[in-house]
Amino acid sequence: MAQERALTVKEAMSAAKSALESVHVRVIGEVSEFNDKPGYKAAYFSIGDGQATMPCMMWRDQYQASGVQLRCGVLVELSGVFSAYVPKGRMQFMVRSLQLAGEGVLRMQVAEVARRLEAEGLMRSDRKRVLPRFPQRLAVVTSPRGKAIHDVIRTLRRRYPLAELLVAGVQVEGVGAPEALVHGLRVAAEAKPDVILLVRGGGSYEDLMPFNAEQVARAVSRSPIPVVTGIGHEPDTSIADMVSDLRASTPTAAAEAVSPSIDEMHSEVESLGRHLGKALSHRLEGAQHDVRRLAERPAFSDPRVIIGSLSQRLDLVSIALNGALPGRLERDEQRLQFARESMQRTGSHLLDRPREKFAVSAARLHDLSPLAILGRGYAVCFASDGRTVIKQAAELSAGDRVHVRVAHGHIGAVVEETGE
Amino acid sequence: MEDSTLKSPEEMTFGEALAELEGIVGSLEGGQLELETSLERYERGVALLRSLQTKLSEAQQKVTTLIGELEVDDTE
């Protein structure tokens, strides 16, 4: 074998790079030193297992396509090739694919169950039942020891001591926990509470796994009693949470969700009491107003108005009647009597004066009578018709017949001549 | 609402009594009731109110264990 010439550093590193890139591996490790600055073309991190460390890089587009959110402490399974960064002489693992390992696998299984139950419609919002506002009996399914049941009891004692609390204490983690939870839910439902609380304090993802079990989720979704969940801490969401009627973030929040605060209830009752009093006094004032308004009407303010006007009318009628009947009769009788007396008194003298007047008038009549004038020797000449009195000679011509009236009898005559 | 059909407030749950009281206040505020009915409702309302207040002030949480042995510090 001929002696080869010495390589440049770059040639040496390039040879190493080629050799490394032929090594494809799958590796599991815990993430540390995660560095994902937005400006970088790649995400940089290390994985380790306590005995060795391995620097890794993953092109940004591939990292984003993986859908995994890396953070320190997460167990991941990577596949890719080793490589070298020639300018710095640094070995690194180029990640081609990335998935969560361990808990990551569990999460995938959980996601699969969640997808199936969701497809069945068990998470639909219209399945969520309305919780009673003032529950009488609350059942809680949880571990009989530990912080969760303590938080629930403390919260209810403070806020809502009105309700009876039924405790179904069951195993909530480890093998057999899902069956225990299902049993606890059934026992709780049989006690016919108004609401069931399914709670558990915080723990690791694995600790909370029983609440992701399909049988627990199905027991929650078919519970005849509304179920409120409070499992783990705020960011934890289990499948039991998704199918329950109400999801609270913690056991304390679950207890608060089912209990009205007794202080608020006190003030609500007091407010109702005030409204009750106000409403009645308002109603009474209304009635009083009505009565007063009626009482002020003349009919009631002075009862004589009714009787008064009636009796007045009566008086008037009576007066009219009196006037019309006996009074009038009486008056008429008086008048009649007076007339009679007056007639009797004056009757005898009644003709005295006319008699005198008549004598005078007769004498005067006699004076004026033409007969009286004729008596004194005068005569009246009438035309031939016997009616027209001749007052001028010119009215007659010679030969006309005339009648001449004298005091006693008349004379027929013929005109011989006329003159002025 | 005849007296004979009304439950005694003590026999009612808090929610029932509160709902009835709310109804009474509402109907009284409506002002459409006969005066006699208003007074009857008011009396009933006062009885409900008293019962509710008593329930609230005398409430003592009762804890019953269905299964499991409860380990809680009850002294708090």
Side-chain angles (χ1 to χ4, degrees), chain A residues 132-137 139-146 149-150 152-154 156-158 160-171 180 183-184 187-188 190-191 193-194 260 262-263 265-266 268-284 286-288 290-291, chain B residues 1 7 9-76:
Chain A
R133 200 167 152 221
F134 301 106
Q136 291 288 293
R137 285 147 65 82
V140 56
V141 177
T142 189
S143 167
R145 60 195 75 84
I149 183 65
H150 178 80
V152 168
I153 290 178
R154 191 168 41 91
L156 292 178
R157 187 169 293 157
R158 169 172 56 84
Y160 191 62
L162 245 57
E164 182 186 359
L165 182 63
L166 312 169
V167 181
V170 294
Q171 179 194 344
H183 176 62
V187 170
E190 280 165 2
D194 299 305
I262 197 162
D263 292 339
M265 288 161 72
H266 262 301
E268 187 173 340
V269 167
E270 267 165 40
S271 152
L272 270 175
R274 276 197 305 278
H275 275 88
L276 183 69
K278 218 180 276 176
L280 184 76
S281 38
H282 189 73
R283 180 68 188 85
L284 285 177
Q288 274 172 354
D290 289 347
V291 170
Chain B
M1 264 205 276
K7 272 202 227 173
E10 284 67 33
E11 292 169 10
M12 300 170 81
T13 68
F14 188 88
E16 285 170 345
L18 191 73
E20 194 189 329
L21 180 57
E22 282 168 338
I24 286 173
V25 171
S27 66
L28 277 177
E29 283 177 339
Q32 302 296 314
L33 297 176
E34 289 287 339
L35 188 60
E36 290 79 359
T37 318
S38 292
L39 290 167
E40 278 168 21
R41 296 270 172 95
Y42 176 76
E43 274 179 42
R44 172 73 176 167
V46 169
L48 290 166
L49 195 66
R50 288 219 183 93
S51 150
L52 286 170
Q53 282 165 336
T54 308
K55 279 199 172 86
L56 283 180
S57 49
E58 292 179 357
Q60 287 277 338
Q61 194 106 58
K62 189 178 161 201
V63 178
T64 309
T65 306
L66 297 173
I67 42 174
E69 273 191 33
L70 197 57
E71 289 176 16
V72 168
D73 181 9
D74 254 8
T75 57
E76 231 183 82

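Given the structure is predicted, the values throughout are model-derived calculations rather than measurements. Residue numbers start from 1 in every chain, and the chains themselves are labelled A, B, ... in the order their sequence lines are given, proteins ahead of strands.
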What part of [X] is in contact with chain A, defined as an atom under 4.5 angstrom from a non-hydrogen atom: side chain, backbone, both or neither?
| X | result |
| --- | --- |
| B/E43 | neither |
| B/E69 | backbone |
| B/L48 | neither |

From the list A/L276, A/V269, A/L284, A/I262, the residue making the most non-hydrogen contacts under 4.5 Å with chain B is A/L276
Most heavy-atom pairs under 4.5 Å with chain B, out of A/M265, A/E270, A/K278, belong to A/M265
So for [X], is it side chain, backbone, both, or neither that comes closer than 4.5 Å to the heavy atoms of chain B?
| X | result |
| --- | --- |
| A/A168 | both |
| A/Q136 | side chain |
| A/V187 | both |
| A/Q171 | neither |

Calculate, to the nearest 0.5 Å, the distance between atoms [atom1] and [atom2] belonging to [X] and [Y] respectively.
| X | Y | atom1 | atom2 | answer |
| --- | --- | --- | --- | --- |
| A/L272 | B/Q53 | CG | CD | 10.0 Å |
| B/R41 | B/E20 | CZ | CD | 9.0 Å |
| B/I24 | B/S38 | CD1 | OG | 11.0 Å |
| A/Y160 | B/L56 | OH | CG | 9.0 Å |

Any donor-acceptor N/O pair, [X] side chain to [Y] backbone, under 3.5 Å:
| X | Y | answer |
| --- | --- | --- |
| B/Y42 | B/L28 | no |
| B/Q61 | A/A163 | yes |
| A/H275 | A/S271 | yes |
| B/T54 | B/R50 | yes |

Practice task
Could you tell me which of B/L18, B/L52, B/L21, B/T65 has the largest number of non-hydrogen atom pairs under 4.5 Å with chain A?
Solution key: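 The candidate making the most pairs under 4.5 Å is B/L18.
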Item to complete: Mind ranking B/E58, B/E22, B/Q60 by heavy-atom pairs under 4.5 Å with chain A and telling me who comes out on top?
Response: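 That would be B/E22.
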Taking a cut-off of under 4.5 angstrom between non-hydrogen atoms, the residues of residues 9-17 of chain B near chain A are B/T13, B/F14, B/G15
**Q.** Partner of A/V140 by side chain to side chain contact (heavy atoms under 4.5 Å, CB included), out of A/I153, A/L156, A/V167
**A.**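 The residue from A/I153, A/L156, A/V167 that satisfies side chain to side chain contact (heavy atoms under 4.5 Å, CB included) with A/V140 turns out to be A/V167.
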- Message: Evaluate A/V152 against A/T142 for side-chain contact (heavy atoms from CB on, under 4.5 Å), listing each step before the verdict.
- Response: CA-CA 10 Å; A/V152 168; A/T142 189; over 6 Å; no
- [ ] Identify, with sequence neighbours excluded, every residue that meets salt bridge (Lys or Arg N to Asp or Glu O under 4.0 Å) alongside A/R274.
- [x]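 Checked A/R274 against salt bridge (Lys or Arg N to Asp or Glu O under 4.0 Å); zero matches.
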